[in-house]
Amino acid sequence: SDKELISLKKETAYLEQYLEFERKRLSSSFTYSIKTDEEIDAENVMLPPMLVQPIVENALKHAVPYSEQGNIHIQFRKNQQETPAVLEIIIEDNGPGLQKPPADIHSPATHISKGLLITQQRISNLWQRYPEPGTRFQMQDKAPEGQGVRVIIQLPYLEEF
């Protein structure tokens with residue numbers, strides 16, 4: 001997209017279309033959910049476009065094929081424990097995790113996808129523009145034994161009226 005920010009409603013609609021396309025293309029039986037907390041006005045909360053898509057793409061490539069029933073969960077929530085509040089985006093899968101990748105894929109310890117590098121750079125650029133409360137990108141195993149990956153992105157809670 002050529003826009004700096006789009007509404008959360010448009011971003012989630014795009015993600016829905018992307019995941020449905022991938023489900024048809026891959027002929028696979030993965031499931032997904034996209035949830036936005038009720039307190040968020042998705043038409044007026046703004047974020048950079050296509051910020052979540054590269055992370056979902058990684059899950060489709062590195063997690064879904066290695067799970068008996070692949071699952072991707074995406075949640076958008078307002079974290080009011082930070083001052084000012086932040087938009088928290090959580091993306092989870094149920095793949096092998098970061099610590100125990102299957103032998104036929106690159107280890108995340110030695111290989112970071114170009115999409116993730118670009119996403120991290122975009123978040124860094126956003127942090128420079130909106131330093132309070134700042135932004136964060138965190139990728140971690142959901143459990144020590146590697147039962148999936150959790151990515152947490154925190155962005156300034158930007159509303160447009």
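Computed from a predicted model, the values in this text were never measured in an experiment.
With sequence neighbours excluded, the residues satisfying side-chain contact (heavy atoms from CB on, under 4.5 Å) with T12 are L8, I34, T36, F76. Residues satisfying the side-chain contact (heavy atoms from CB on, under 4.5 Å) criterion with N44, sequence neighbours excluded, are D41, F161. With sequence neighbours left out, E159 forms a side-chain hydrogen bond (donor to acceptor under 3.5 Å, both in side chains) with no residue at all. Scanning for side-chain hydrogen bond (donor to acceptor under 3.5 Å, both in side chains) contacts around Q17 gives an empty result, with sequence neighbours left out.
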Going through the distances and angles, do Y18 and L60 end up as a side chain to side chain contact (heavy atoms under 4.5 Å, CB included)? CA-CA 11 Å; Y18 172 72; L60 288 169; 3.8 Å; yes
Which is it for Y157 and I40 under the side chain to side chain contact (heavy atoms under 4.5 Å, CB included) test, yes or no, and what are the steps along the way? CA-CA 10 Å; Y157 193 85; I40 295 176; 3.8 Å; yes
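Atom CG of L51 is separated from atom CD1 of I91 by 8.0 Å, given to the nearest 0.5 angstrom. The structure places NZ of K35 at 7.5 Å from NE2 of H73, a figure rounded to the nearest 0.5 Å. Rounding to the nearest 0.5 angstrom, the gap separating the CE atom in M46 from the CG atom in L5 is 5.5 Å.
Pairing each heavy atom of P48 with each of L155, the nearest pair is CD-CD1, 4.1 Å. Across S7 and A42, no two heavy atoms sit closer than the pair CB-O, 3.6 Å. Listed here is the closest heavy atom pair of A85 and K78: CB-CE, 3.8 Å. Between A63 and P96, the shortest heavy-atom distance links the atoms CA-CD, 4.0 Å. Minimum interatomic distance between V149 and G97 (heavy atoms only, all atoms of both residues): CG2-CA, 3.8 Å.
Residue-environment remark: CD (Q81) stays at or below the threshold of 12 foreign heavy atoms within 6.0 Å. No more than 12 heavy atoms of other residues, nucleotides or ligands sit less than 6.0 Å from atom CD of E38.
Without hydrogens or angle criteria, N71 side chain to N94 main chain gives no donor-acceptor distance under 3.5 Å. Of the possible polar contacts, one joining the K142 side chain to the D93 backbone as a donor-acceptor pair under 3.5 Å is found. Side-chain atoms of E11 come within 3.5 Å of backbone atoms of M50 as a donor-acceptor pair (strictly under, hydrogens ignored).
The hydrophobic cluster around I90 extends to I152, counting ILVMFWY residues whose side-chain heavy atoms fall within less than 4.5 Å of a member.
When side chains are defined from C-beta on, Q75 counts as touching D37, because their heavy atoms get closer than 4.5 Å. For the pair N58/V151, no side-chain contact is recorded, criterion being any heavy-atom separation below 4.5 Å from C-beta on. Contact of the F30 side chain with the L19 side chain is registered, since non-hydrogen atoms from C-beta on lie closer than 4.5 Å.
Applying the salt bridge (Lys or Arg N to Asp or Glu O under 4.0 Å) rule to pairs touching residues 42-56 yields K9-E43, sequence neighbours excluded.
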